[in-house]
Novice: 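Let me begin by handing over the structure; questions about it come next.
Convention: sequence-line order gives letters A, B, ...; per-chain numbering from 1. As the structure is a computational prediction, the values presented were derived from the model and not from experiment.
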Number of protein chains: 2
Amino acid sequence: MASSGFHTHDHVKCVAEALGALESYCQTEGLKFTTLRRRVFELLLEEHKAMGAYDILDRLRTEGFSAQPPVAYRHLDFLVAHGFAHKIERLNAFIACTHIGALHDPAFLICRECRTVSETMSDSSILALHHRASDADFQIEESVVEAIGTCPDCR
Amino acid sequence: MASSGFHTHDHVKCVAEALGALESYCQTEGLKFTTLRRRVFELLLEEHKAMGAYDILDRLRTEGFSAQPPVAYRHLDFLVAHGFAHKIERLNAFIACTHIGALHDPAFLICRECRTVSETMSDSSILALHHRASDADFQIEESVVEAIGTCPDCR
DNA sequence: TCACTATTGTTATACTATAACATCAGGAAA
DNA sequence: TTTCCTGATGTTATAGTATAACAATAGTGA
């Protein structure tokens, strides 16, 4: 058991399912499930914490991979582009998606201390914004909700 | 008239009121309403567009001010800290607040083309997130909603 | 075998932000 | 009036984040 979004869960299963999802997604889409793609995703999945690109890079370096910035950004961008990770703008950091497969606008609770992030689907919670957008003839392509605060463990 | 948040408004009045608000705020709080504070705020108010710190810096430079990065960041941070501007994380940029005086969690409609930003108060629109937060015993200190898309003018 | 495409490797550089310390201006206290 | 204190600004250097551009490689199908 480990903490995800400030509550415990079966983390081993959680990681296995996520990796499995990425693998089948790659097969379906004709993309390669390469060592680096897998490894970067694993690193994000280790803890439910936001990791900076350069954190990833350090980990890759100690593991003997090539570790120039584009390596980290390429794989992180790959994961984000295909819905397996999100970027937390507020932290300039990345986190594994916990709602893989669900088309969703994410909402995050972000602990400013430990960078643990709980992801929820914002679904109708930003309905008001969508109303305002359509009133203004503004076409929303994606939206993000980021709430900063402190988690129970850090108080 | 000029565009604010994708609709027209009396921009001259809008700017005058905002500057006036900053001036009286400074008086009330015993802060100085200095040339640079005023000028940086004016630059943000010129158009309702997000400006990067280095955009501000370029403008200051052409106007003969000292233009090292800390100058821009100091005054932008001042405006943000006192509620007269917001940072748009998604763009690494800043925008004048259009709800001065109202304690609020802002929500933004951001045009990816022209960087025009419409600010609204998110008020109850992220209520669901607050519920989830209290369920998790997570204490939200501030929250931001950023929606990216394209504005009518850019389509 | 060849050619094509996706992926990875590498160098260099651009963009964003802050630490740290020096200087200056104005008001309060001696 | 001088001294001291505080808030604001000036300046240098550096840290942190991100991407452009191109080279090399590996696997695939023609």
Side-chain angles (χ1 to χ4, degrees), chain A residues 22-23 25-41 43-44 49-61 63-82 84-95 110 112 115 146, chain B residues 22-23 25-41 43-44 49-61 63-82 84-95 110 112 115 146:
Chain A
L22 178 57
E23 180 163 19
Y25 177 86
C26 285
Q27 256 170 4
T28 307
E29 300 293 319
L31 302 165
K32 287 170 192 167
F33 186 55
T34 66
T35 308
L36 274 167
R37 285 178 178 170
R38 178 193 176 102
R39 190 66 194 125
V40 170
F41 194 33
L43 289 172
L44 285 186
K49 296 194 178 179
M51 296 183 76
Y54 285 75
D55 296 333
I56 297 286
L57 220 45
D58 288 344
R59 293 291 302 270
L60 293 180
R61 182 173 296 116
E63 295 176 11
F65 293 100
S66 164
Q68 301 303 320
V71 174
Y73 284 103
R74 268 206 289 253
H75 297 107
L76 289 168
D77 291 347
F78 172 86
L79 293 172
V80 169
H82 294 95
F84 290 83
H86 297 291
K87 181 170 187 189
I88 308 293
E89 299 289 347
R90 181 69 186 239
L91 299 178
N92 295 316
F94 300 82
I95 189 160
I110 306 160
R112 69 164 76 252
R115 294 166 71 99
E146 298 186 0
Chain B
L22 179 56
E23 179 163 21
Y25 177 86
C26 285
Q27 257 170 4
T28 307
E29 299 292 319
L31 302 166
K32 288 171 189 164
F33 186 55
T34 65
T35 308
L36 273 168
R37 285 177 177 170
R38 178 194 177 100
R39 191 66 194 124
V40 170
F41 193 34
L43 289 173
L44 285 186
K49 295 194 180 182
M51 295 182 78
Y54 285 75
D55 296 333
I56 296 286
L57 219 47
D58 288 343
R59 292 292 301 272
L60 293 180
R61 181 173 297 117
E63 295 174 10
F65 292 100
S66 164
Q68 301 303 318
V71 174
Y73 283 103
R74 267 204 290 253
H75 297 107
L76 288 168
D77 290 347
F78 172 86
L79 293 171
V80 170
H82 294 95
F84 290 83
H86 298 290
K87 181 169 187 190
I88 308 293
E89 299 289 346
R90 179 70 184 239
L91 299 177
N92 294 318
F94 299 83
I95 188 159
I110 306 161
R112 68 163 76 251
R115 296 165 71 100
E146 299 185 0

Novice: Do you know the tightest heavy-atom contact between A72(A) and L57(A)?
Specialist: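 Where A72(A) meets L57(A) most closely, the heavy atoms are CB-CD1, 3.5 Å.
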Novice: In this structure, how many angstroms lie between the P atom of dA18(D) and the CG atom of L91(A), rounded?
Specialist: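 In whole Å, dA18(D) P lies 11 Å from L91(A) CG.
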Novice: Quickly work out the L76(A) CG to dT8(C) P distance and round it to whole Å.
Specialist: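 Spelled out: CG on L76(A) to P on dT8(C) is 13 Å.
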Novice: Considering just the side-chain nitrogens and oxygens of H75(B), establish if one lies under 4.0 Å of OP1 or OP2 belonging to dA8(D).
Specialist: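 Answer is no, no contact under 4.0 Å.
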Novice: Would you say Y54(A) reaches dT17(D)'s phosphate, i.e. side-chain N/O to OP1/OP2 under 4.0 Å?
Specialist: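 For dT17(D), OP1/OP2 do not have a side-chain N/O of Y54(A) under 4.0 Å.
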Novice: Can you tell me how far P of dT19(D) sits from CD of Q68(A), to the nearest Å?
Specialist: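 Distance check: Q68(A) CD to dT19(D) P gives 16 Å.
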Novice: Can you find a pair of side-chain heavy atoms, one from Y73(B) and one from Y54(B), that are under 4.5 Å apart?
Specialist: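 Yes. Closest side-chain heavy atoms under 4.5 Å.
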Novice: If you find the nucleotide of DNA chain D closest to T35(B) and the one closest to P69(B), which residue's nucleotide is nearer the 5' end?
Specialist: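 The residue mapped nearer the 5' terminus is T35(B).
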Novice: Between dT9(D) atom P and R38(B) atom CZ, what is the distance in whole Å?
Specialist: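 That distance rounds to 14 Å.
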Novice: Once you round it to whole Å, what is the distance between C1' of dT10(C) and CZ of F65(A)?
Specialist: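 In whole Å, dT10(C) C1' lies 17 Å from F65(A) CZ.
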Novice: Where the side chain of Y73(A) is defined as all heavy atoms beyond and including C-beta, which of dT11(D), dA17(C), dA18(D) is the nearest nucleotide?
Specialist: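 From the listed options, dA18(D) comes nearest.
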Novice: OP1 or OP2 of dA17(C) less than 4.0 angstrom from a side-chain nitrogen or oxygen of K87(B), does that happen here?
Specialist: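 Checking K87(B) against dA17(C): at least one side-chain N or O falls below 4.0 Å of OP1 or OP2.
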Novice: Take K32(A) and D77(A), find for each the nucleotide of DNA chain D with the closest heavy atom, and name the residue whose nucleotide sits nearer the 5' end.
Specialist: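 Going by which nucleotide is closer to the 5' end, it is D77(A).
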Novice: Taking all non-hydrogen atoms of both residues into account, name the closest pair between R61(A) and A67(A) and its distance.
Specialist: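 The pair with the smallest heavy-atom distance is NH2-O, 3.0 Å.
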Novice: Answer yes or no: does a side-chain N or O of R74(B) lie under 4.0 Å from OP1 or OP2 of dT9(D)?
Specialist: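 Indeed not, no polar side-chain atom of R74(B) lies that close.
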Novice: Give a yes/no verdict on a cation-pi contact between R39(B) and F65(B), requiring under 6.0 Å between NZ or CZ and the six-membered ring centre and an angle within 45° of the axis.
Specialist: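 Verdict for F65(B): no cation-pi partner in R39(B).
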Novice: Looking at M51(A), H75(A), R59(A), which one forms a side chain to side chain contact (heavy atoms under 4.5 Å, CB included) with V40(A)?
Specialist: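 Testing each of M51(A), H75(A), R59(A) against V40(A), the sole residue satisfying side chain to side chain contact (heavy atoms under 4.5 Å, CB included) is H75(A).
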Novice: In whole Å, what is the span from the CG atom of L31(B) to the P atom of dT6(D)?
Specialist: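 Atom-to-atom, L31(B) to dT6(D), this comes out as 16 Å.
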Novice: Take the protein atom CD1 of I88(B) and the nucleotide atom P of dT16(C), then report the distance between them rounded to whole Å.
Specialist: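 Rounding to the nearest Å, CD1 of I88(B) and P of dT16(C) are 14 Å apart.
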Novice: Under 4.0 Å: is that the gap between some side-chain N or O of N92(A) and OP1 or OP2 of dG16(D)?
Specialist: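 No.
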Novice: Rounded to the Å, how far apart are L36(B) CG and dA25(C) P?
Specialist: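 In whole Å, dA25(C) P and L36(B) CG are 14 Å from each other.
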